[in-house]
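Since the model is a prediction, treat every value here as computed from it, not as a measurement.
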Amino acid sequence: MEQESASAKGARKGIPGLIDKTVSSTYEDLMAIIEAKLELVKIDLTEKVALLGALLILLVIFMIGTAYFITSLALLVGELVGHPFIGYLAISLFFLGIFTVLTRFRPELLKNFIHKILLSANDYRK
């Protein structure tokens with residue numbers, strides 16, 4: 001009598017036991033797949049955050065270099081014409097002209113250019 005109750009508690013035999021075993025192994029496999037997918041998402045997300053951080057650092061370095069280049073160019077133009085303020089005025093007018101073209105006459109140009117860069121960075125094809 002004790003052996004029957006012990007075997008009934010331990011494992012079910014026959015089709016019900018097979019169904020229990022199949023359902024529990026399927027559940028365990030599904031949980032393992034979900035955990036693996038979550039790990040892949042975490043890895044992909046950290047890679048994208050690292051790329052964003054690197055791009056931000058490069059952008060800051062590029063902006064500092066550009067600022068020094070523009071200042072040097074303005075000083076050169078000012079030296080060539082004899083008045084430093086004229087060099088800064090010429091460079092400022094150049095950048096204001098680019099700003100005007102991009103905002104007034106061709107507002108979609110910059111947006112389309114950035115959109116193409118982002119699509120090519122993610123390998124999307126139109």
Novice: Supply the atom-to-atom distance Thr103 OG1 to Leu109 CG, rounded to the nearest 0.5 angstrom.
Specialist: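 If I round to the nearest 0.5 Å, the distance is 11.5 Å.
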Novice: Count I, L, V, M, F, W, Y as connected when their side-chain heavy atoms are under 4.5 Å apart, and connections chain through other members. Are Val81 and Leu89 then in the same cluster?
Specialist: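 No; Leu89 is not reachable from Val81 via cluster members.
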Novice: Side chains of Val77 and Tyr88: closer than 4.5 Å at any heavy-atom pair?
Specialist: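 No; the side chains remain at least 4.5 Å from each other.
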Novice: Which ILVMFWY residues can you reach from Leu56 by hopping between side chains whose heavy atoms are under 4.5 Å apart?
Specialist: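 Traced through the cluster, Leu56 reaches Leu52.
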Novice: Using distance only, find each side-chain donor-acceptor pair of residues 32-44 under 3.5 Å and give its atom names and separation, not counting sequence neighbours.
Specialist:
none

Novice: To the nearest 0.5 angstrom, please state how far the CG atom of Leu80 sits from the CG atom of Leu75.
Specialist: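 These two atoms lie 11.0 Å from each other.
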Novice: As a test of understanding, state which of Leu59, Val60, Ile61, Leu55 forms a side chain to side chain contact (heavy atoms under 4.5 Å, CB included) with Ile57.
Specialist: Ile61
Novice: Side-chain contact test, heavy atoms from C-beta onward, threshold under 4.5 Å: evaluate it for Glu28 versus Met31 and give yes or no.
Specialist: no
Novice: Tell me whether Ile15 at atom CD1 has more than 12 heavy atoms from other residues, nucleotides or ligands lying less than 6.0 Å away.
Specialist: no
Novice: Distance from Lys116 atom NZ to Lys111 atom NZ, nearest 0.5 Å?
Specialist: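 That separation rounds to 11.0 Å.
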Novice: Please check if Ile70 and Val101 belong to a single hydrophobic cluster, counting links between Ile, Leu, Val, Met, Phe, Trp and Tyr side chain heavy atoms closer than 4.5 Å.
Specialist: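 Each belongs to a different hydrophobic cluster.
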Novice: Would you give the length of the straight line joining atom CD1 of Ile19 to atom OG of Ser24, rounded to the nearest 0.5 angstrom?
Specialist: 12.0 Å
Novice: Taking only residues at least two apart or on different chains, which pairs with a member in residues 20-69 satisfy ring pair (Phe, Tyr, Trp, His ring centres under 6.0 Å)?
Specialist: none
Novice: Measure the spacing between CD1 of Ile91 and CG of Leu76 and express it to the nearest 0.5 Å.
Specialist: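 Reported value, rounded in 0.5 Å steps: 8.5 Å.
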Novice: Working to the nearest 0.5 Å, report the span between CZ of Phe99 and CG of Leu110.
Specialist: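 If we round to the nearest 0.5 Å, Phe99:CZ and Leu110:CG are 11.0 Å apart.
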Novice: Transitively linked via ILVMFWY side-chain contacts under 4.5 Å: Ile98 with Ile114?
Specialist: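 Result: yes, single cluster for both.
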